[in-house]
Trainee: 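One structure, as structure tokens, below. Some questions next.
Side chains are part of it too, since the values below use all heavy atoms of this structure and drop only hydrogens, waters and symmetry mates. Quick note on labels: first sequence line is chain A, next is B, and so on, each numbered from 1.
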Amino acid sequence: MNPALSSTPFASDGPSTASTAVQPLLEVENVRRSFGGLVAVDGVSFRVLPGQIKGLIGPNGAGKTTLFNLVCGLLRPDAGRIAFQGRPIEGWKPYRIARAGISRTFQNPSLFLQMNVLENVMVGRHRRARRGFLGCALRLPGQAAEERAIRQAAMQQLEVVGLAHLAMFPAGSLPFGQRRLVELARALATEPRMLLLDEPASGLNTKEKEDLADLIRQIRDRGITLLLVEHDMSLVMRLADEIVVLHHGARIAEGPPQVIQNDPTVINVYLGGNLDHATSSQES
Amino acid sequence: MNLMRRIPPLLPFLLCAGVMVSLQQLMRATGTQYCLTQLTMSLYYAIVVMGLCLLMGHAGQVSLGHGAFFAIGGYTSAVLTTHNFSAWGHSSLGGWLQQGRVLIAKEDVFGNAILTVSPWAAFLAAMLLTTLVALLIGYPALRLRGHYLAMATLGFGLIVSKLLVGSTLTGAADGINGVPPWPLAGSLTVTGKTAARVQNYYIACALVLLLLLLLRNLLRSRIGRALQAIHDRETAANAMGINTAAYKLKVFLLSAWLAALAGVFFTHFTGGIGPSEAGAFKSVRYVALAAAGGMANLWGVTVVSTALNYASLRGWFGSLDNAVFGILLIVIITLAPQGPLKPLGAWLRRILGLRNLSEERLERS
Ligand SMILES: Nc1ncnc2c1ncn2[C@@H]1O[C@H](COP(=O)(O)OP(=O)(O)O)[C@@H](O)[C@H]1O
Ligand SMILES: [Mg+2]
């Protein structure tokens, strides 16, 4: 239906794209966004099928974060279409997109620093509760129960990421790696259909990265579709069902990990030909 | 573990009520009950600062124009309850309004029959007008951030005070006097009459305690967390499904209502209102008081604001009155941006041998 999508070299390859009958959860079509003269995202198209883990890779400045911001509504595309569950969502405010079922974490952990860890995750439950200003001020019947339910559900998500013991700590007192996990718990607390993770493993040690990989698989097994920006190539190659490669804002390749690993264009972009070395030199 | 968690939730309110009663008893015993008048006025001013605590301390939105909302509330009540509407008396609308007790017939000081709006109807009109103005100002202004928002609200306050001074309807530079008492219910009446001084002190106390309770409930709920989230990281709050624009407008409206409510009570209590209430000095003073009380600390801003306004109304600062609040603001913002109460609280906890969690954490790492 869309020429840009059907011209994708890997559109019919790989296990998860084999059934073209499945309606994609997220469709990004020819999306473009520039900042002044700089085209940060240049006519990018791809689709994410339900239940997939889709990787999004590319050198620093390739436009990955910008693409995330376009999908979740923090930026408006200059051109192009973004559809979620078949509904166009481009131009929607972030809160509406969140309510439609897309949640995210940020490249720089964006916790609410005046709150404790549990309260941060409780904010994720916001859209799952109803009481307004009046109901809360007057403690109308049901408000206390609702508050308890919010607390319980938030606590559950903290247990999922293994931080339940830090619930009452000020968010600002946590080290970087744990802040990422709190953000993940906060995003999960919204009960999203789709989760966008922006470099979740950066700043984690090897052991923590392994735990994160397990956690991401666990999240996928719960039926949540993931779009994953990650610089650690070995991690993204192991986790992703399919990978999109961005370079200077444009999609230069798309396909299953083993194909991407051997794609000459991709190898060229990542300097020396060894993906792992290329990233570690970039991160320093 | 944490002291705050073990305090029964209503204890602070009972303590506060206890202090309020003790103060009145003390003044009665020392024959200084005339001071209750200034204390009552200070309590009404504190309600404005409570609104700013919500708006600035929690939602992180600056307003340098809340004096204007106090004035809009007070002036609407004052104009409607003192203006003679007898020209309307013969129209069918006038008759209908009289039957609904919106317009009431009485005599002015010279014994002439006049027709004025009843205080309750004037109160409703004041809140309605406040809603309209707050939405009109808040909708565009809240798209601005930081000092742009501060400047927009400051400009709004200046316009309102100029309008009040320039209009004969609002008594120009003299303001409005002779505002009638406001019979609330039964024998409860908001009035400045000496005989009702104690009663009026307790009316103000009850109002402040009630509002404190409601606001405390609000802040300890999903709404309170949403406001704090907007303060801390607006983009993240939005991405979590919070309609940040709507929440900012709602909390702005709520704080405007509190200011206007205080203005209405104040005007009936003092029997009048002047244009200085809308002035920039007053608006800045409210912000200074909120800052001095710790901005986000509902109890702190209420206590500090009542105490300092009382001192000001009793004339303790003499001719330096406005300067004191300006200096206070500068000192607080440069030396203790979180307000003096937080360091004081930490010090108290230390000497009581209690530690809060963050300190424990620091020690462990
Ligand atoms: N808000 C912005 N204003 C101006 N330029 C931006 C903005 N956001 C991103 N850019 C630019 O767009 C390009 C892509 O950035 P980004 O999406 O953050 O890349 P990545 O996440 O892949 O490292 C970069 O050159 C960056 O400087
Ligand atoms: Mg990025």
Trainee: Identify which part of R128(A) has an atom lying under 4.5 Å from any heavy atom of chain B, answering side chain, backbone, both or neither.
Mentor: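 Contact with chain B involves no heavy atom of R128(A) at all.
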Trainee: What part of S110(A) gets within 4.5 angstrom of chain B, counting heavy atoms only: side chain, backbone, both, or neither?
Mentor: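 Both parts, backbone and side chain.
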Trainee: Of the listed residues (M115(A), E183(A), R127(A)), which shares the most heavy-atom pairs with chain B below a 4.5 Å separation?
Mentor: M115(A)
Trainee: Under 4.5 Å from any heavy atom of chain B, what part of I97(A) do you find: side chain, backbone, both or neither?
Mentor: neither
Trainee: Other residues, nucleotides and ligands only: do more than 12 of their heavy atoms fall within 6.0 Å of CZ on R193(A)?
Mentor: no
Trainee: Under a 4.5 Å heavy-atom cut-off, does chain B meet the side chain of L111(A), its backbone, both or neither?
Mentor: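 For L111(A), the contact with chain B is made by the backbone alone.
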Trainee: Side chain from CB out, backbone as N, CA, C, O: work out which of these in F106(A) comes under 4.5 Å of a heavy atom of chain B, or both, or neither.
Mentor: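 Contact with chain B: side chain only.
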Trainee: Can you find a side-chain donor-acceptor pair between S255(B) and H66(B) that sits under 3.5 Å?
Mentor: yes
Trainee: Between Y45(B) and F70(B) (judged by ring centroids, cut-off 6.0 Å), do the two rings come close enough to count as a pair?
Mentor: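 Close enough - the centres of the two rings lie under 6.0 Å apart.
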Trainee: Between chain A and each of A229(B), A239(B), A237(B), A245(B), count heavy-atom pairs under 4.5 Å; write down the option with the most.
Mentor: A229(B)
Trainee: Sort out for me which of R99(A), E146(A), K93(A), R96(A) touches chain B most, counting heavy-atom pairs under 4.5 Å.
Mentor: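 Greatest number of close heavy-atom pairs with chain B: R99(A).
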Trainee: In terms of heavy-atom contacts, does OH of Y139(B) have more than 12 from other residues, nucleotides or ligands at under 6.0 Å?
Mentor: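 For Y139(B), atom OH is not crowded (no more than 12 foreign heavy atoms under 6.0 Å).
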Trainee: With no hydrogens and no angle check, just 3.5 Å: does a side-chain donor-acceptor pair link R104(A) and N69(A)?
Mentor: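 Result is yes, a qualifying pair exists.
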Trainee: After noting the C-alpha distance and the side-chain angles of F46(A) and K54(A), does the key distance pass the side chain to side chain contact (heavy atoms under 4.5 Å, CB included) rule?
Mentor: CA-CA 10 Å; F46(A) 65 90; K54(A) 189 111 179 179; 4.2 Å; yes
Trainee: Does the pair V28(A) and L70(A) meet the rule for a side chain to side chain contact (heavy atoms under 4.5 Å, CB included), with working shown?
Mentor: CA-CA 10 Å; V28(A) 174; L70(A) 290 168; over 6 Å; no
Trainee: Can you say whether L219(B) sits under 4.5 Å from chain A via the side chain, the backbone, both, or neither, judging by heavy atoms?
Mentor: neither
